[in-house]
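Just below is one structure, and these are the notes that go with it.
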2 protein chains.
Amino acid sequence: MGSSWGIPRTMAEVHALLYIVGEPLNTDQIMARLSISRGSASMSLKSLHDWGLIARAHRRGDRKEYFRAEQDVWQVFRIITRERKRREIDPVLMALHECRDLTGPRATAAMRHRSEIEAHNLRLDEMIEFIRLIDSLAEQFVSPSGKGLRLAVGLLGKAV
Amino acid sequence: MGSSWGIPRTMAEVHALLYIVGEPLNTDQIMARLSISRGSASMSLKSLHDWGLIARAHRRGDRKEYFRAEQDVWQVFRIITRERKRREIDPVLMALHECRDLTGPRATAAMRHRSEIEAHNLRLDEMIEFIRLIDSLAEQFVSPSGKGLRLAVGLLGKAV
DNA sequence: TGGATATTTCAAAATTTTCTGAAAGCACTG
DNA sequence: CAGTGCTTTCAGAAAATTTTGAAATATCCA
């Protein structure tokens, strides 16, 4: 599933395994089950943990680290959305602002190509405004309260 | 921008160029401007055209084909969302259904691991239901009427 | 602290994705 | 229907991404 979601294949597989198995597994179990290398397993687990999709767990009498996957699909979706927003929207907004700064009032002092620059700026502003909207929409979806997404589904369902 | 959006770099650049320039360009102009090969330009233009992000245009007295980019950011977003839904949600739904079929009533006839299979099925059903919701949400966003997205932004803005 | 076990790192290898450029294909014109 | 100009195709090249595996590092416990 995750491979079409912009997530490395192995990382997606590790998460899928932990999600489906439901109970905590350790690195060796994961390696064996998925036929992947130790390095790969370690990296995938680290990423998944950074994202918050899995939690460390320990068994007493066992020094190995075990990992358990978040089980709530809504929460999983929220986490993935947050990450995608971070990767796909935030940098774009920053880039747009940088572009805008380059042709701001100060930069147009040269007064050459004035109207052309202004046309570009209009277009840029329109785009910045738009991405801002999408950004705040995404923000709602990932809000920790968790209300945004359910609300959207509910509202749009009715609004059809 | 588009490179973090799951779109090939060159394709994104071609679209950006056409969008920013605003007026139609032909293949040679695009090649020159972006320093890319003819094949690459042709393929990118084909994809963009398939998506509906650019339209063919002709100048009289000129046999070359010109391309003009869709100028409305909302429409651009809708098109990209439609494509991403097609690539990221639809196949997942199909895969989930396939999985579900494998462990459906017929398959459990063997009666072994019965409860384990049922637990998996519950999980699977939960996920299918969830992805269905997301899918219909996306459907609203890409609806040709174009109301879905604006509505969502409006509603959620108020709902904060 | 030493030794044993578990985890992380990272350069090189494998894989996947994307681009190139030459050749084939098409369509118009004389 | 041959010539010209433009577009598309696709096998191989290049680039980007991901994985491996062994060495380095960290952790635990006697």
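Here the structure is a predicted model, which means the values were calculated and not measured. Just so we're on the same page: letters track the sequence lines, and every chain starts at 1.
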Salt bridge (charged side-chain N to carboxylate O under 4.0 Å, His left out) pairs touching residues 42-51 of chain A, sequence neighbours excluded, are A:Lys46-A:Asp50
Separation of [N] [atom2] from [X] [atom1] (nearest whole Å):
| X | N | atom1 | atom2 | value |
| --- | --- | --- | --- | --- |
| A:Lys46 | C:dT7 | NZ | P | 15 Å |
| B:Leu45 | D:dT9 | CG | P | 13 Å |
| A:Asp62 | D:dC29 | CG | P | 11 Å |
| B:Leu48 | C:dT18 | CG | C1' | 15 Å |
| B:Ile7 | C:dC19 | CD1 | P | 12 Å |
| B:Trp5 | C:dT18 | CH2 | P | 17 Å |
| A:Lys64 | D:dC28 | NZ | P | 15 Å |

For DNA chain D, find the residues of residues 8-44 of chain B with a heavy-atom distance under 4.0 Å and give them by number; none if there aren't any.
-> B:Thr27, B:Arg38, B:Gly39, B:Ser42, B:Met43
Return the set of residues passing side-chain contact (heavy atoms from CB on, under 4.5 Å) with B:Ala69 (not counting sequence neighbours), or none when no residue passes.
-> B:His15, B:Leu18, B:Tyr19, B:Ile54, B:Gln71
Sequence neighbours left out, what passes side-chain contact (heavy atoms from CB on, under 4.5 Å) with A:His97? Give chain and number order.
-> A:Leu93, A:Ile128, A:Arg132
Which pairs, protein N/O on one side and nucleotides 24-28 of chain C N/O on the other, fall under 3.5 Å?
none

Go through the structure and list residues passing side chain to side chain donor-acceptor pair (under 3.5 Å) with B:Arg87, not counting sequence neighbours.
-> none
Qualifying residues under salt bridge (charged side-chain N to carboxylate O under 4.0 Å, His left out), relative to A:Glu118, sequence neighbours excluded | A:Arg114
Residue list, salt bridge (charged side-chain N to carboxylate O under 4.0 Å, His left out) with B:Arg56, at least two apart or on another chain | B:Glu65
Donor-acceptor pairs under 3.5 Å, side chain of residues 20-31 of chain A to any protein atom, not counting sequence neighbours: which ones?
residue : atom : partner : partner atom : Å
A:Asn26 : OD1  : A:Asp28 : N            : 3.0
A:Asn26 : OD1  : A:Gln29 : N            : 2.8
A:Asn26 : ND2  : A:Tyr66 : OH           : 3.3
A:Asp28 : OD1  : A:Arg38 : NH2          : 2.8
A:Gln29 : OE1  : A:Asn26 : N            : 2.7

Give the ring-plane orientation class for A:Phe141 versus B:Phe141, where under 30° counts as parallel, over 60° as perpendicular and anything between as tilted.
-> parallel
